[in-house]
Structure formats: C-alpha cells, structure tokens
Amino acid sequence: MKTRPATRVRRMLMSERYNTRESERKWQAAWQSEGVFETRNDDPRPTYYVLEMFPYPSGRIHMGHVRNYAMGDVVARYKRAKGFNVLHPMGWDAFGLPAENAAMERKVHPKEWTYANIAAMRAQLQSMGLSLDWSRELATCDPDYYKQQQRLFLDFLAAGLADRKTAKVNWDPVDQTVLANEQVVDGLGWRSGAPVEQRELTQWFFKVSTYAPQLLEALDGLDRWPDKVRLMQRNWIGRSEGLAIRFALDAASAREVASLIGVNELEIYTTRADTLFGAKFMAVSPDHPLATRLAKNDSGLAAFIDECHRMGTAQEAIDRAEKKGYDTKIRAVHPFDDKWTLPVYVANFVLMDYGTGAIFGCPAHDQRDLDFVRSVGLDATPVVCPPDVDPDTFVIGDTAFLEDGVIINSRFLDGMTVPQAKEEVARRLEKEMRHGRPIAVRKVNFRLRDWGISRQRYWGCPIPVIHCDRCGVVPVPVCELPVRLPDDVAFDRPGNPLDRHPTWKHVACPKCGKPARRETDTMDTFVDSSWYFVRFTDPWIDRPTNAAAAKWMPVDQYIGGIEHAILHLLYSRFFMRAMRKTGHVAIEEPFTGLFTQGMVVHETYRAKDGSWVSPAEVTITSEAGGRHAVHATTREPVAIGSIEKMSKSKRNTVDPDDIIETYGADTIRLFMLSDSPPERDVIWNEEGVQGAARFIQRLWRLLRDAKSMMGSGAPSPNGEALAYSPPALAIRKAAHRTLARVENDIEHLRFNVCIAHIRELANTLQGALSELDEDEARAPDVVAALTEAMRILVAITAPMAPHLAEECWQALGATDLIARSAWPQVDRSLLTDATITLPVQVNGKKRADVTVPREADCAAIKDAVLSLDAVKRAMEGRALRKFILVPGRIVNVVI
RNA sequence: GCGGGCGUGGCGGAACUGGUAGACGCGCGGGACUCAAAAUCCCGUUCCCCCUAAAGGAGUGUCGGUUCGAUUCCGACCGCCCGCACCA
C-alpha cells in the first residue's frame, strides 16, 4: 500500500509562499542588467520578428495593452527558446490630437505632455516583465524619426507617389481646422459644435490607388492573416468590372452647354450595361463639371448644389437624406437608339469621386435609382426577369430586382442571361466609334481612393516642402532635414499654430532664394505608423532603413486590435510598395502573420441615481439567489449591468497597475491569456484573476513538494539509459505529451488551451507525487523522471509567467536564466504506447473501451470487441451487420 | 440593404482532417486539516430516471438531410455580434 507523503514535509512548506513582488523585481533587474532581450543585427541565427501594435502614449496602459503585449511576449520568449534571433521592440505612436487638446486644456506643451506620458507608460510596461529590446525604442515625435519620414516623403514625391490636389474636406469654421469624418457628429464639429462646412482645399495625397490592383491581388498570398481582415480589405479596395459609356447629348437641349464647356457628351460608368434598355434617366454629381457650369446660368441649380453641400458628409446625414434631383432640361441620347432621349439630372446621391461622377439610371434593377424615380415621377420598366416568373406579369414594386435572370424588353438582348447581355453590350459599343474613339470601353474601377495626408495641426510630422511664388512647390533639400517643429507655439487660439507662428514658415526658396513659405500642414499620424516596424530593424542609422538590417522584414507575427483591420494595415502595405519603388526595402508585404485579439470587457455597475460605479468601489457577494453588488464604502446596493468594453465613460475599467501591485505581473499575464480564446473578447472578473494567482502559488508548491520528496536522491549522474519503472515512465510520458501539445498551442497562438494543458500536467504531477511513498520517490529513475518533468513544466510556463519560471528554474539548480535557456526537446518515442485504448461504439453510441496491442490487426481487435460485456449485452439476439475500425481512433459495431 | 462570424453545463470555454461531447478553469456542494478562520488538500458537479450504484434515456440554438457515426458537412429557420454602406 502506498502511504501519503509525510505531513511533516507539507507543513514545513506551507509558509513558503512565492513572493511575487520581490521575485518580479529581482528577475526584471537581472534581465535588464544582462541585456538578455537586446537583439543584435549581426547575430547569425535565423531571425524571428514579433511585433505588437505600438501604443499611443495616452498616459496609462490599459487592459487591452496588457492582453496584446502578453500575447506577443509569449511568442517572443517561445521563439527565443527555440533558438531564433528574436526581434521584439517597442515604441510610441506619439503624434496626434490628444496632445494638442491637453495643451489647450491644461496649458502644457504637447512635447512635454507626450514624453511624460511615455515615461509613465514605459515604467508600466517594464513592470509587466515583457521581453522587449528597449535599446530600439522610438517615438514618432522624435526628430530622428520624423526626419527619416520626411525623407521618405521627398522620395515618394520624386517618384510620383505623392501629389497635391484639391479635395473636399470637413471644415470646422470655429476651430479653423479640418475634421475627420468621425469627428463630425450630426453635421456639427465634435469640439466646437459649429455646423461643419464642405470646403475644397488643396491637400497632399499619397497615391494609394496606383497600387489598388496589387494590394487586392496580394491578399490571396497573406494566408497567415485572418480571413475576416482580408475580406474587409478586399471590400474596401472594392474592385468592379464595368463599362465606361459616352452618351451623346441631344443637340437641341444641350446647345447652351456645348458652347460653354465645349462638350456634347456625357461619360458614365456602369457595371450593369445589361440594363441599358431599362434606362430612364441620367444623373450627374453636384460636383460634376457639367453641374458646376450649368449652375452659373441657373440660380435654381446653384441653390440645389448648395443644399447638397450643406448636407455634410456625416454618415447619419447621408443615410437619412432623401434622394433628390434637379432637372437640367438637357437630354442624353440612348447609345442604341438615336430617337430615344433621357433626361439629365443633377442628383444628390451621385458621388463625384467614383467612376466618372455620372450614371445612367435603371430604376427596375437598382434600389437607389428606384427610390429616385419615385420622387421625380418616372416609372420603372423591368429588363431582367426572375427565372420562374412570367415576363408579362412581372412588375417592379418598391424593391428593385438585383439578381440574375432572363433579359426582357431589350430588343437584341432578349433571352440572354445577365452576363451574356453585359458581354453583348460591351462588344457592340466598343466597336462603335464617335470622334475617332469607341463609344464605350471596358473599365475596372476601384473604390479605394488616394490617401489625403494633410492635417492642419501642430503635433505631427511637418511636410517638407516650400511654396514659392515663382518656383511653385519646392522640396526641402535633404541636407536641411529634419524640418523641425518649433517649440515656441501657443494654443490659446483655434487654428494651426504653425500657420500663425511669427517666423517659422518664412524661409528662402531653396531654388531661387526669394522669400517663400513653408508648408504648414503636417502629416496624418497614420503615416507615422506605416513604417515604424521597418525602422525598428535599425533605429540608429541616419537613413530611413538599412538594407542589412532589413533581413528582419517582413514581420513574422504582428498582433493588434481588429480596429486597425483596414486603414493602418492597408496604408502599411502601400508604404512597403512605395518604399520598395524608392529603393528603401526589397519586400512588398510588411506582415506575413497577423493576429487580431479581442477586447477586454467587464461588467458595468450603476448606483441608484443612475451614475456609473467603478469596479474598485464595488463589493460583490454571491448568495443562493445570485450575485449582488454593494458600494464598498456606503454599502448602498449597486445594480449589476451588462458586460461592456472597458471604457472611461462607463467607469468599468480596471487599472493594470492595481492588479500588478496586488497579484503580480505573472498573474495578470496568465489571466489575460487563459479562459478566453485570444481572438475573442475576454471578460475581466476578479474570480478568474484569483484563479490565476492561485495557480502561480500551486506551481511553486508543487516544485517544493517534488524537491522535498526526492530529498537527496539524485538522477543517474552520467545520463545512461535508465530502466524506468511504471510510475517514472508515466511521469515522463505526461511531461513529453504536454510539451508536444504546448508547442503546437503556442505555434497556433491558442494560449487558453496552452494554459489548460500546463494545468493538466501540474495536476498529473501532483497526483503522481501523492501516489509515491518516500522510498519510491528517491529511486534514481523516479528522481530522473521527476526532475525532467519539473524542468519541462517550468520551461513551458516561462513564456506566460516568466518571473515565476525564473524562480523555479533557479530552485531546480539551474545556473543560467531560463530566459536564455533552450526549449526542451520532445522525446517522440514517449508519445506512443505499446497498447492503445479504443472507444467502442454500438450503432454510433459509445458503450465501452477496448485496450489492444498497438500492432493488433483488425481480426484481433474484432475478437476483443465482440467479447466485451457491453457489446454482448447490446447484441443479444441480434446479428452483426458491420464492423468498422478506424485504425488508432475508434471501433463501431453496427447491428 | 450587402458581406462575414458565432450559438456547447450555472459561467468562460475544450474537442486535431467527420470518430469517446463537456478538457482546463470559475462557481457551487460535500469532506479533511484547524480551538476557529483564512490558506491548502481530497471528492463530486450536463440533464432525466434512481436511496445509491450499476444499467439506461436525452443532449452541442430549432427543424430536416448526408453518414456506420455529425458540435464538425449540406439545406431552411430563429437569435446574437461585427464590418461596410448611395461605390452605379
């Protein structure tokens, strides 16, 4: 009989709790003083680049950061142990509006505010024990960084990838600045509350659209990106195939226009050329040149266009807007029938920056067109009939018919399918010539537009050009970079401080030497984040990139929030192509692996008066009737509300600092990684945190128990093959099986499952320990197996709970840091057993298990199965119909 | 409206390519240790039937299909979540 381990030993160990705070401080200092995580570019080992999206220095890290960086750190530490030269840097997305708001509200300079925030957040990140190479730290507001960015801009400009054009922007007349679409709420500026105007401003653009086809096609190759993100990008780029058709304008009705703008035709873009015989009208955008010209002699039209502009660009306004048009009295001629003319409207729902800014309208097969004709009193003739409907009775009600069908009412197209009709129209019209050109050409269009990067703000990267009255736009010579932001600026007035600075913008033209003006716009902060990951490969060099260091690129594993699925990732993909064209990198795709993690969410709490109460002020009690909450100090009852994303407004945030202070970094890391799959939201709850903290202590106790059980027993010194007794072999098998699983889990970023597997091993080892008596525990084979298993357990825990792992590693007698130690090797021979246990089903229901030798053949297994009691019982009086064996997996007896 | 995803115990979730549903944790119940509490350890915990056990039955949102076998594949429906949205 086995005896339980001596309680004497247990009691002695009780008091030895793992001291989180002391240990974490100690190992962080050790890692730092030894420069363990500093990566050398000349290290010859294979490289691995893991990166988390760098944070905006708002002043405090939040749980979302903790989750993001905990995940990246697991990968970094794992790959390092696996022998890779791992690049795992950190920096700051440091330009942006909040710094200017702080300047306005608190009279603190954006630079001071930003760098103070960075210092605070750096300290917080360091307290998490992340394996980051801080020697490569950068902030995008460092002149060293934006100097290189300005250089890239000049190269892009020279290569034709940047240009200036006028664009409509949201202009806040009070703050005197351009607003992003999301800063316009109900047509009003979010800060000033003033009605936002549409203004035409000359802006700098990066020509993203140049690469639209490549950006789309290359998505197929990004097989380590989430499908969801690829799909979102695909939709955003929005490729469509269609036809650009030139409609002649009816001579009589268009005489006036023809003389004004010298045109007698209107070019439209359509993807539904098959519905040409269902055309009822033409429409142009209020910003179309035709509309602009006509408005000069038509005050009614001018008023209509004005009204369209006032509508604003806010999504809500657009959604609500009724489709309206203004009849120009001009008529366009149908391309297949000289006698057939169509009215031309100026319509509020036609966009100038897509296609040609003009359309033909077929109300029967386009919902917008249908909505529109209802407001102007035209009818809808169906030209595509659903497959099972009688064409004679088919009428269009309130819904346009958008699907495929049979073409009707369309002369030579009748009877065709939609694709056939499209092809036929294209074939005919591209052969027909007018003014020496075909009437129609096939055209591929993209929704993706050029990227407007001009911002009328101070706290951003200055655009390095000079405006000269004689020479036009003159690039700042490279030797004069960086164009530095002046420090002496005031935020007492709205508008761009750079623009009203007394001296900053006045410079001599680099070309002619005459007085000229600096560009006072700065770059969109998305520019800063479009190439920082390349800069990390050599942040010290006085060029944007270093070809030798670029061996790190592309990033092997990028981790961040889904909110950047489109803009940041698309801009970065554009940047790589632009940087390649200008000779800065040799690659096109910046991130081969992408992972988007879920949010951190938490219950919300509300006091009687409806005000939000923060979790820190709430005490939860659980009774038979469920969970109840009271205010921690007033004892007033508090209502437990829905689970929401942690946000300041709902006060349901939990401060990582508090948790680290109370439970330690390993606990917060472990909790962030366990419970929920990483791509899904994780619910922050105190019980879960305590569970993680308990596990830390449990591992520590397990280690001490194992050590004291083994006592002075030592593994066989020269490592010769030991004959392992069954208990020792069981320990080894459990350890190696877990090791193999954990590797697989981390490779697939399945951290929650990984932790479950580690816990499972801890449970197994704990059980094994309690089964052993003291003599057994000191046998050389058991000591060897236990030592090996404990080392494996500690090694696989190290990526998630690195401080605890260092402490355990040392306790196991290791002389080097685990952060510098190699990952254990799986012994594959331990993963297979001599016998296998197969589940036995009868008619697909599991009834029993059968254990057979691994190499048993089908007949032998069949005999064993049919002699099982459970199988016999089920078969009583019935004949075996079929015996199914899936080797190594399952047996199914069909009766 | 268009596109995508997800529905598994009291809860978070696990289940490799169609092969033992509920790993692991939380919570809960019971017990041990203790003068007591905390901590810790052990046992139990999908539901139904049952004193208990054995044995059985049902069960992965609903309904149907394919299959020896379906959480997994197919179809319809219900519910929730996300993205895009006048893109012609």
Side-chain angles (χ1 to χ4, degrees), chain A residues 4 7 10-11 13-15 17 226-229 231-232 234-236 238-240 242 268-272 275 283 315 318-319 321 323 347-351 353-362 365-369 371-372 399-400 402 445-449 562-563 565-566 622 624 626-627 671 674-677 679-683 685-692 694-695 697-698 701 741 744 748 750 752-760 762-763 766-767 770 837-849 870 873 881-884 886 888-895:
Chain A
R4 315 229 343 129
T7 48
R10 289 192 168 263
R11 202 167 307 147
L13 295 171
M14 284 293 110
S15 59
R17 279 181 70 81
D227 288 341
K228 181 186 165 111
V229 174
L231 187 71
M232 284 163 76
R234 209 166 273 138
N235 292 340
W236 188 263
R239 182 180 190 276
S240 74
I268 59 96
Y269 174 75
T270 181
T271 57
R272 291 301 303 271
T275 63
Q315 197 54 58
I318 291 170
D319 280 348
K323 290 181 181 34
N348 63 350
F349 66 95
V350 181
L351 305 174
D353 41 9
Y354 185 79
T356 60
I359 61 162
F360 86 79
C362 173
H365 304 291
D366 184 293
Q367 192 60 47
R368 292 158 305 189
D369 295 347
D371 294 346
F372 176 70
T399 334
L402 307 176
N445 244 327
F446 292 91
R447 255 180 43 129
L448 183 66
R449 295 173 206 166
I562 186 75
E563 66 273 21
I566 295 175
S622 34
R627 296 168 71 249
F671 176 67
S674 50
D675 279 12
S676 291
E679 69 279 6
R680 248 187 261 180
D681 290 352
V682 62
I683 303 168
N685 64 326
E686 198 68 15
E687 291 88 353
V689 180
Q690 282 165 5
R694 261 201 303 271
F695 183 61
Q697 294 298 338
R698 202 152 86 78
R701 270 197 315 273
R741 282 179 181 159
N744 190 45
H748 292 97
R750 298 169 353 128
N752 57 326
V753 183
C754 176
I755 288 171
H757 286 146
I758 293 173
R759 298 181 107 124
E760 217 173 353
N763 292 348
Q766 198 166 337
S770 67
T837 300
L838 295 171
V840 176
Q841 292 181 336
V842 177
N843 289 342
K845 285 271 178 198
K846 197 213 164 188
R847 289 292 178 237
D849 291 299
R873 201 179 319 129
R881 294 221 333 253
K882 206 167 176 185
F883 181 84
I884 295 163
V886 184
R889 299 228 59 127
I890 203 164
V891 173
N892 194 5
V893 179
V894 186
I895 54 178

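Heavy-atom basis, side chains included; hydrogens, waters and symmetry copies ignored. Since the structure is predicted, the reported quantities are computational estimates derived from the model, not experimental observations. The sequence lines fix the lettering, A, B, ..., with proteins before strands; numbering per chain opens at 1.
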Measuring from the side chain of [X] (C-beta onward, heavy atoms only), which nucleotide among [options] has the closest atom?
X         : options                : answer
Ile359(A) : G13(B), A85(B), A88(B) : A88(B)
Arg759(A) : A14(B), A85(B), C24(B) : C24(B)
Glu760(A) : C24(B), C26(B), U20(B) : C24(B)
Asp366(A) : C68(B), A88(B), A58(B) : A88(B)
Arg750(A) : A14(B), G69(B), A15(B) : A15(B)
Ile884(A) : A88(B), G13(B), C68(B) : C68(B)
Leu351(A) : G3(B), U20(B), A88(B)  : A88(B)
Trp236(A) : G69(B), A85(B), G4(B)  : A85(B)
Asp849(A) : U20(B), G27(B), C84(B) : U20(B)
Val753(A) : C26(B), A88(B), A14(B) : A14(B)

| task | Provide, to the nearest angstrom, the distance between the CD atom belonging to Gln766(A) and the P atom belonging to G25(B). | result | 10 Å
| Taking atom P of C26(B) as reference, at what distance in whole Å does atom CG of Asn763(A) sit? | 10 Å
Any strand: nucleotide that pairs with [N] via Watson-Crick or wobble, under 3.5 Å:
N      : result
U72(B) : none
C28(B) : G44(B)
C77(B) : G61(B)
U66(B) : none
G9(B)  : none
A23(B) : none
C2(B)  : G83(B)

Pairwise [atom1] distance for [N] and [M], with rounding to whole Å:
N      : M      : atom1 : result
U17(B) : G30(B) : C1'   : 43 Å
U46(B) : A14(B) : C1'   : 15 Å
C78(B) : A39(B) : C1'   : 48 Å

| said: What's the separation between atom CZ in Arg741(A) and atom CD1 in Ile758(A), rounded to the nearest 0.5 Å? | reply: 12.5 Å
| remark: When every non-hydrogen atom of Phe446(A) is compared with those of Tyr354(A), the smallest separation belongs to O-CE1, 3.7 Å
| request: Of all the heavy-atom pairs spanning Tyr269(A) and Gly355(A), show the shortest one and how long it is. | output: CB-CA, 4.1 Å
For [X], report the nucleic acid contact type (base, sugar-phosphate, nothing); a contact means any heavy atom under 4.0 Å.
X         : value
Arg847(A) : sugar-phosphate
Asp369(A) : nothing
Val350(A) : base

| request: Show the numbers, then the answer: is there a salt bridge (charged side-chain N to carboxylate O under 4.0 Å, His left out) between Arg449(A) and Asp353(A)? | output: CA-CA 8 Å; Arg449(A) 295 173 206 166; Asp353(A) 41 9; 3.4 Å; yes
| query | Under 4.0 Å between a side-chain N/O of Arg701(A) and OP1 or OP2 of C41(B), yes or no? | reply | yes
